[in-house]
Amino acid sequence: MGRTRLCSRKKRDRKTEDDENGFGGWGGYMAAKRAKLLDQFHTGGIEKVSNIFEGVAIHVNGLTKPPIQELKNLMAAHGGVFHMYQVSSTTHIIASNLPNVKIKHLGTVPIVKPSWITESISFGKLLDYRRYLLYTNQSSTQPRIDFPILEKPLATKADNASASCSKATKDNEISENIEENLVNTDCVSSVSADSTVLEQKSRAPTKTAADPNFLEEFYNNSRLHLISTLGAEFKQLVGQMREKSNGKFPGKENLIFTKGKYTNHILMNSVVMHIDMDCFFVSVGLRNHPELRGKPVAITHARSGQISNRPDRKINRELEFALYSERLPEGAISRIDAIDANASMSEIASCSYEARKYGIKNGMFLGQAAKLCPELKTLPYDFEGYKEVSNTLYKTIASYTLDIEAVSCDEMYVDVTQILKETGLTVEDWASHIRNEIMTVTGCLCSTGFGANRLQARLATRKAKPAGQYYLQADDVEMYMAEIPLADLPGVGRATLAKLRNLGLNTCGDVQVASLKVIQSEIGQKAGETLKEQSRGLDRRPLNFHHERKSVSAEVNYGIRFKTLDECHNFLQSLSNEVYSRLNDIGMRARCLTLKLLVRAADAPIETAKFLGHGVCDSLTKSTTSNVIINDPQIIYKETKSLYDKINPVFSDLRGIGIQLSKLEKIAPINTTLSNFCGRHDQAN
DNA sequence: ATCCTCCCCTAC
DNA sequence: TAAGGTAGGGGAGGAT
Ligand SMILES: Nc1ccn([C@H]2C[C@H](O)[C@@H](COP(=O)(O)OP(=O)(O)OP(=O)(O)O)O2)c(=O)n1
Ligand SMILES: [Mg+2]
Ligand SMILES: [Mg+2]
């Protein structure tokens, strides 16, 4: 009712813009935008222009001209397949020159010069590769070396401890299959290296949010921004693929054909798979650094565990840290205990399992990690690599089923009931197959967990990691759960954990027998109920294949330092533009706007411990719900500014700013009575 | 009761 | 030096 009125009203209010864009034009634009996302997904961002290499699967060995990346793009553009490793389905090896010793090992697959590819493209058709053989005397009787099969026997309750040992062996096998020409030690650093030696050049002036291109620069370097936006994209993508699906699943068909078994599954309970890349960012980085396999490695911006000895000014961190500790939730774990005056506060995005043995964790400050493990090596970020591997991961799973709930760029839930039924495979065989395939096409390891619901699948993955698989079967659930530490449950973070510990609860077994009322009084009604169920392995939430966005936001809590009010206003304008652009991208409008500010806490020092960080802050929000639909950057700015003035902070104390839009409505919902009404109404005007 | 606003918490 | 984002669930407490 109210919606209808608002809908027609907003069309009139925005008439000028609608005339410019055109209602049909909008639909067309959004359709094109969606098509582009799908298309980029299918080709990994490369537009497909021909099918010259249909049926061809290359593996590049050694240095080539054009280089490997180029060849990979060419294959994508011309209908071929690129293999990171040589596997049984690899049809050609591309190489410019190879030592004799190596040729012996490559077996029966033809070794072809890269010019075969480039010239085939020039001619517009697939040329006979035999005219491009690198050597003509290849033996046809050499045994072929396939990629090592990733079979880790399904872990049982007893052999959990052996997991990491068998993994080390596998890593060694893997590194032998990686080309040494890709080794690039330039960007590898040891955390114990002296940063003053590494960095002699004079410092550029500090870039803060007051600088004109700050927002772009920041987003280009923010891993959290990257994983957030990638995650949202994959949720959207699953929906789009389901809408567009022709019901064919080539991966599944192929699997039925090659490994399918006839099995009488009279009555099969549904099986949920959870799949998650192992130390995702590290895995991607290691593809080009085989020499670091098996070593403790972390992905960070900083290269050394110590900050330079002569920063322009020595900052006293003690005051801030004291305040931080004071404000920690009672009993929660501190992040700064090992951070002294010179320890780096650059965050570790991902660390290898070898690093985890030292107690290093994702999200830990590098300075603390370096103390735990002085041999720790760091690698820089490779955002393009993460995007590529994520795309390949989703593309691979989507060739079997679209019953996918995207969780993040390296993780999803999949209903595999149908796949198991149609292929007749056991859970174990399916798991080995899909893990092997993902390793083959991405060069990265992943782990999978299976269970009757998402919680069981999620916990099974935890047990499976790294490079493993585990099926938590119905009969085992009760016993299995009793031993699980509460910290392993999704939804139990540091604050909840501290509260539960204060109640003397540490494992799911403890919660199973504890009083619901007592738990609820500590952590809340709903959370208590959920926790009770989780502790017995129950989870009633079904997988959600369709995702509907409820809010859109943009926030920056780094580099916020304003010397004038003008600088602040300019940044609010930039952020308004940014959040508008995101709203526009998903074809929505909003009725509610929330401004969130981080303001330096009263006793917190002006200079933060972390370079350009936010330090200890108070968080303040204010929101407006208006009848006027928010669909214009100037409206967003005007509302933002007005909320800002209501909060009225000291602008020089600002340390973080965010704008969130909620109460969203679709601009042009298709195939609904409402949209038909709006559309006709709009055109009639 | 139910809704709204301003939080807090969690997961990647 | 360093790039501490983003979306969703949910609770407290006041307004309706
Ligand atoms: N605090 C964090 C947590 C995660 N990530 C990024 C880097 C991770 O590689 C990626 C995936 O997160 P996961 O929780 O899946 O962690 P990993 O894949 O690194 O390790 P695991 O093997 O435990 O899944 O997200 C991050 O930047 N900062
Ligand atoms: Mg992972
Ligand atoms: Mg993950």
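The figures that follow rest on heavy atoms only: side chains count, while hydrogens, waters and symmetry mates do not. Order of the sequence lines fixes the chain letters, A, B, ..., with proteins taken first and strands second; residue numbering starts at 1 for each chain.
The NZ-C1' distance, from A/Lys235 to C/dA7, rounds to 7 Å in whole Å. One can place CD of A/Gln520 at 13 Å from P of C/dG10, the figure rounded to the nearest angstrom.
Contact annotation: A/Arg223 does not reach the phosphate of C/dA3 (side-chain N/O to OP1 or OP2, under 4.0 Å). The phosphate of C/dT6 has OP1 or OP2 within less than 4.0 Å of a side-chain N or O from A/Tyr219. Contact annotation: A/His225 side-chain N/O to C/dG4 OP1/OP2 distance is not under 4.0 Å. For A/Lys526, no side-chain nitrogen or oxygen approaches OP1 or OP2 of C/dG9 to under 4.0 Å. Regarding contacts with the backbone of C/dA7, a side-chain N or O of A/Ser553 is found under 4.0 angstrom from either OP1 or OP2. Contact between the side-chain N/O atoms of A/Thr496 and the OP1/OP2 oxygens of B/dT10 is found at a separation under 4.0 Å. In this structure, A/Arg458 reaches the B/dC12 phosphate: one of its side-chain N or O atoms is under 4.0 Å from OP1 or OP2. Put simply, A/Lys663 has a side-chain N or O that comes within less than 4.0 Å of OP1 or OP2 on B/dT5.
Under a cutoff of 6.0 Å and an axis angle of 45°, A/Arg655 and A/Phe562 do not form a cation-pi pair.
Residue A/Gln660 is classed as having no contact, given no heavy-atom separation below 4.0 Å to the nucleic acid. Using a 4.0 Å heavy-atom criterion, one finds that A/Thr625 contacts the sugar-phosphate atoms exclusively. When heavy atoms are screened at a 4.0 angstrom cut-off, A/Arg582 is found touching the sugar-phosphate backbone but no base atom. In this structure, A/Lys499 reaches neither bases nor backbone, as no heavy-atom distance under 4.0 Å exists between it and the strands shown. At the heavy-atom level, A/Ile647 lies nowhere under 4.0 Å from the strands shown. Counting non-hydrogen atoms under 4.0 angstrom, A/Asn220 reaches nothing in the nucleic acid.
Proximity note for A/Ser346 (side chain, C-beta onward) versus C/dA2, C/dG9, C/dG4: the nearest is C/dA2. Closest to the side chain of A/Met345, out of C/dA3, C/dG5, C/dA2, is C/dA2. In the set C/dG9, C/dA2, C/dG5, C/dA2 carries the atom at the smallest distance from any side-chain atom of A/Ile307.
Residue A/His274 is tested with A/Arg454, A/Glu411, A/Arg462 for a side chain to side chain donor-acceptor pair (under 3.5 Å); the sole match is A/Glu411.
You'll find the ring centres of A/Phe450 and A/Tyr470 outside the 6.0 Å limit.
Both A/Gly615 and A/Ser551 sit near DNA chain C, but only A/Gly615 has its closest nucleotide nearer the 5' end. In terms of position along DNA chain C, the nucleotide closest to A/Thr300 lies nearer the 5' end than the nucleotide closest to the other residue of the pair A/Glu548 and A/Thr300.
Residue side chain A/His614 meets the stacking definition with respect to C/dG4: its ring centre sits within less than 5.5 angstrom of the base's six-membered ring centre, and the planes differ by less than 30 degrees.
Between the side chain of A/Asn391 and the backbone N or O of A/Lys387 there is at least one donor-acceptor pair closer than 3.5 Å. Using modelled atom types, no side-chain atom of A/Ser344 and backbone atom of A/Gly305 make a donor-acceptor pair closer than 3.5 Å.
One finds no salt bridge joining A/Glu607 and A/Arg317 here, because no Lys/Arg side-chain nitrogen approaches an Asp/Glu carboxylate oxygen to under 4.0 Å.
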